[in-house]
Amino acid sequence: QVQLLESGGGLVQTGDSLRLSCAVSGRTLSSSAVGWFRQAPGKSRAFVGAIMLSNGNRYYADSVKGRVTISRDNAENTVYLQMDSLKPEDTAVYYCATSSNPISRLVLGDRRLYNIWGQGTQVTVSS
């Protein structure tokens with residue numbers, strides 16, 4: 001049984017950087033992906049980016065492209081979300097997710113395809 005645990009959130013100032021971690025326990029499906037999503041108060045959960053588990057290719061939402069980087073440490077079974085030049089509008093609860101089913105790179109942003117979620121970590125960016 002796969003479980004995900006996010007950490008690394010906190011309160012930062014505009015322009016700061018933050019690295020979130022997603023610790024993965026259990027065996028993930030190699031044809032799946034690990035995605036990062038965020039949910040701001042009163043808004044729906046939005047795609048941030050994802051990494052394909054088969055080949056390590058990474059994809060990002062246009063809204064964060066250039067400011068975030070996803071990486072993974074296979075030895076530590078951890079996926080990271082590095083966020084730079086943070087803005088108040090980045091304030092949200094950040095979740096990592098994966099699926100017990102294959103996910104195509106063409107639909108990485110569809111949160112309905114992810115059926116395994118972490119509990120989330122709060123990121124607050126003050127102005």
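Please read these numbers as outputs of a predicted model, since none were measured by experiment.
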Axial cation check for Tyr80 ring with Arg19, 6.0 Å and 45° limits: yes
Arg45 to Trp117, cation-pi by 6.0 Å centre distance and 45° axis angle: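 Yes - Arg45 lies over the ring of Trp117, closer than 6.0 Å to its centre and within 45° of its axis.
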Counterpart residues, side chain to side chain donor-acceptor pair (under 3.5 Å), relative to Arg105 (two or more places apart): none
Any residue meeting side chain to side chain donor-acceptor pair (under 3.5 Å) with Ser7, in chain and number order, not counting sequence neighbours: none
Roughly how far, to the nearest 0.5 Å, is the [atom2] atom of [Y] from the [atom1] atom of [X]?
X: Arg111; Y: Ser44; atom1: CZ; atom2: OG; result: 5.0 Å
X: Ser63; Y: Lys65; atom1: OG; atom2: NZ; result: 9.5 Å
X: Ile116; Y: Gln3; atom1: CD1; atom2: CD; result: 9.5 Å
X: Cys96; Y: Gln119; atom1: SG; atom2: CD; result: 7.5 Å
X: Ser54; Y: Leu29; atom1: OG; atom2: CG; result: 10.0 Å
X: Ser25; Y: Leu5; atom1: OG; atom2: CG; result: 8.0 Å

So [Y] and [X], do their side chains get closer than 4.5 Å, heavy atoms only?
X: Val2; Y: Thr98; value: yes
X: Asp90; Y: Arg67; value: yes
X: Val24; Y: Arg72; value: no
X: Leu108; Y: Met52; value: yes
X: Pro88; Y: Ser127; value: yes
X: Pro102; Y: Ser32; value: no

Please answer whether the main-chain N or O of [Y] pairs with a side-chain N or O of [X] as donor and acceptor at a distance below 3.5 Å.
X: Asn77; Y: Ala23; answer: no
X: Thr121; Y: Glu6; answer: no
X: Asp16; Y: Gln13; answer: yes

Same cluster (ILVMFWY, side-chain, under 4.5 Å), Leu113 and Tyr59: yes
Nonpolar side-chain network containing Leu20, other nodes, edges under 4.5 Å: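 Direct or chained contacts put Leu20 with Val12, Leu18, Val34, Trp36, Val48, Ile51, Leu53, Tyr60, Val64, Val68, Ile70, Val79, Leu81, Met83, Leu86, Tyr94, Val123, Val125.
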Donor + acceptor pair across side chains of Glu89, Thr91 (<3.5 Å):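 There is no such pair (donor and acceptor under 3.5 Å, judged by atom type) between the side chains of Glu89 and Thr91.
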Under 3.5 Å side-chain donor-acceptor pair for Asp73 and Thr78: no
Ring-ring centroid check Phe37 Tyr114, cutoff 6.0 Å: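 Yes - the distance between ring centres of Phe37 and Tyr114 falls below the 6.0 Å cut-off.
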Shortest non-hydrogen contact between Arg38 and Ala92, atoms and distance: CB-CB, 3.8 Å
